[in-house]
Amino acid sequence: MSLGGILLCVTGSEAMYADLGHFSQSAIQIAFIYVVYPALVLAYMGQAAFISQHHNFESSYHIGFYVSVPETLRWPVLVIAILAAVVGSQAIITGTFSIIKQCSSLSCFPGVKIVHTSSTVHGQIYIPEINWMLMILCLAVTIGFRDTKHLANAQGLAVITVMLVTTCLMSLVIVLCWNKSIFLALGFLLFFGAIEVIYFSASLVKFHEGAWVPITLSFIFMVVMCVWHYGTIKKYEFDVQNKVSVNWLLNLGPSLGIVRVRGIGLIHTELMSGIPAIFSHFVTNLPAFHQVLVFLCVKSVPVPHVQPEERFLVGRIGPKEYRLYRVIVRYGYRDVQKDDLEFEKELVGNIAEFIRSSAEYDKNGFAEDTDKPSGKLSTISTGINMWEEDGEPDASSSPRKETDPRDAAPERKKARFMIPKSAQVDSEVRRELQELMDAREAGMSFILGRSYMKAKSGSGFVKRVVINLLYEFLRKNSRGPAYAASIPHASTLEVGMVYQV
């Protein structure tokens with residue numbers, strides 16, 4: 001029981017270390033040594049001195065920290081305590097945001113909306129869904145317990161569990177990252193782990209008095225993370241095993257074995273290489289496709305802004321007559337994705353520049369999976385102006401100039417894709433550019449894949465429950481890709497496909 005009380009003295013100071021991802025190590029050390037530690041020692045010494053002079057505290061239910069404070073200072077101390085609770089809760093909230101973001105990047109947590117609040121510090125984020133969940137859980141625990149003693153027991157078990165897990169992971173860091181002796185790691189684990197196991201056992205004594213809450217919540221979130229990670233891995237394995245090879249595409253011929261209709265088809269995919277299985281699924285069930293196909297991959301990179309001249313990576317799939325292109329679009333976490341009209345202009349302009357520049361390296365056409373360096377994706381940094389409005393060049397389409405889409409919306413609708421007469425291109429390149437222009441004038445369609453996970457027949461009961469029920473429930477109720485919200489619904493076609501995993 002005494003160890004449990006000592007542990008509660010540590011939990012308050014431990015909360016400040018949740019801010020390690022947002023402040024430097026030296027700042028934490030200075031704050032702890034010169035501010036936090038002296039304040040803690042003075043507070044506990046004062047409370048201990050009060051208890052030593054008042055031995056009848058056992059018969060008083062209200063014995064505690066505020067009783068030891070003189071009445072003249074009780075209200076100011078209460079205000080300071082409330083502010084300290086706000087600071088401590090903010091540390092927990094920011095720490096939770098950081099953990100959820102890392103779990104999402106590792107495919108261990110369903111997709112959530114991540115708002116970056118700083119243009120310079122990548123770790124300063126805000127997650128609305130998690131913030132609401134924390135508020136609801138906080139209110140539920142407070143209303144359910146109605147007793148600070150139970151709250152303290154729950155916090156104590158949660159903190160000592162975090163310490164114990166951190167010690168175990170630290171022993172792995174000593175061996176794997178620092179390349180130290182395994183005996184040093186075992187000594188570290190045995191020394192600090194033994195102390196923490198003793199405090200952990202002391203916290204388990206209070207399991208029925210509130211300590212069960214963090215264990216229950218941990219188990220729920222662990223199940224969510226394991227189910228999501230397992231389903232994501234199975235989905236990725238299915239995509240990799242069933243993606244279409246370039247050889248399969250070459251055997252279809254220039255017409256791909258189907259009727260090529262006018263227009264540009266944008267096929268959104270998460271794969272940066274190969275052809276997604278959704279394409280073969282589409283062409284197998286429908287007899288027609290667009291004359292120009294673009295496999296579009298939108299990626300978010302951990303930098304505030306991506307320069308316009310570095311945003312598009314363009315490559316070709318198969319020979320030139322196939323009119324198949326791969327485009328990777330990179331956005332920084334502070335970049336605002338443009339609307340469909342402006343995006344279409346930049347996309348077609350960069351593909352046109354790629355067609356013109358690739359003619360200087362390859363005259364006979366090349367496949368994406370060749371060993372030639374020119375067959376790789378190319379960054380389009382400069383381009384010829386192929387957008388005109390009433391006979392005058394449209395300056396807003398330059399990839400080096402950022403404009404506000406709301407201010408330029410009326411003018412953009414009048415812009416038209418044209419081949420400049422002054423462009424020094426041969427007849428073959430001009431024909432490819434002309435076909436791209438005709439396809440752009442015919443319209444652009446956005447094709448999204450909608451996958452449904454289903455366990456294979458003969459799978460075990462646990463796998464069927466995890467895939468068919470839990471993972472599908474999480475997928476339907478989690479946030480989808482960010483680019484899907486900016487796609488016009490009138491030009492969107494969703495292709496459903498069942499993944500048998």
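Proximity of Leu40 to Val36: side-chain heavy atoms (C-beta onward) are separated by under 4.5 Å at one or more points. Counting heavy atoms from C-beta outward, Tyr325 and Ile317 have side chains that stay 4.5 Å or more apart. Side-chain contact between Leu313 and Val327: absent, with no pair of heavy atoms (C-beta onward) separated by less than 4.5 Å. Phe207 is listed as a side-chain neighbour of Ile215, based on a closest heavy-atom distance under 4.5 Å. Under the 4.5 Å side-chain criterion, counting only non-hydrogen atoms from C-beta, Val173 is in contact with Trp178. Phe312 is listed as a side-chain neighbour of Glu346, based on a closest heavy-atom distance under 4.5 Å.
Around atom NZ of Lys299, more than 12 heavy atoms belonging to other residues, nucleotides or ligands sit under 6.0 Å away. Applying the 6.0 Å contact sphere to OH of Tyr236 captures no more than 12 heavy atoms from other residues, nucleotides or ligands. The environment of Glu71 atom CD is sparse: at most 12 non-hydrogen atoms of other residues, nucleotides or ligands sit within 6.0 angstrom. By the neighbour-count criterion of 12 heavy atoms within 6.0 Å, atom CD1 of Ile182 is sparsely surrounded, having that number or fewer from other residues, nucleotides or ligands. Within a 6.0 Å sphere centred on CE of Met222, heavy atoms belonging to other residues, nucleotides or ligands number more than 12.
Arg326 contributes no side-chain N or O that, together with a main-chain N or O of Val294, makes up a donor-acceptor pair within less than 3.5 Å. Between the side chain of Asn153 and the backbone N or O of Gly210 there is no donor-acceptor pair closer than 3.5 Å. Side chain of Thr216 to main chain of Trp212: a donor-acceptor pair is present (N/O by atom type, distance under 3.5 Å, no hydrogens or angles). The backbone N or O of Phe473 sits less than 3.5 Å from a side-chain atom of Asn477, completing a donor-acceptor pair. Panel note: side chain His150, backbone Phe145; no donor-acceptor pair is recorded below 3.5 Å.
For the side chain to side chain contact (heavy atoms under 4.5 Å, CB included) test with Phe192, the passing option among Leu164, Thr166, Val197, Thr167 is Thr167; the others fail. For the side chain to side chain contact (heavy atoms under 4.5 Å, CB included) criterion with Val112, the lone passing option out of Lys101, Glu129, Met133 is Glu129.
In this structure, CZ in Phe221 is found 10.5 Å from SG in Cys103, a value given to the nearest 0.5 Å.
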request  = Starting from the C-alpha separation in whole Å, work towards a yes-or-no answer on side chain to side chain contact (heavy atoms under 4.5 Å, CB included) for Tyr331 and Val301.
outcome  = CA-CA 6 Å; Tyr331 287 99; Val301 294; over 6 Å; no

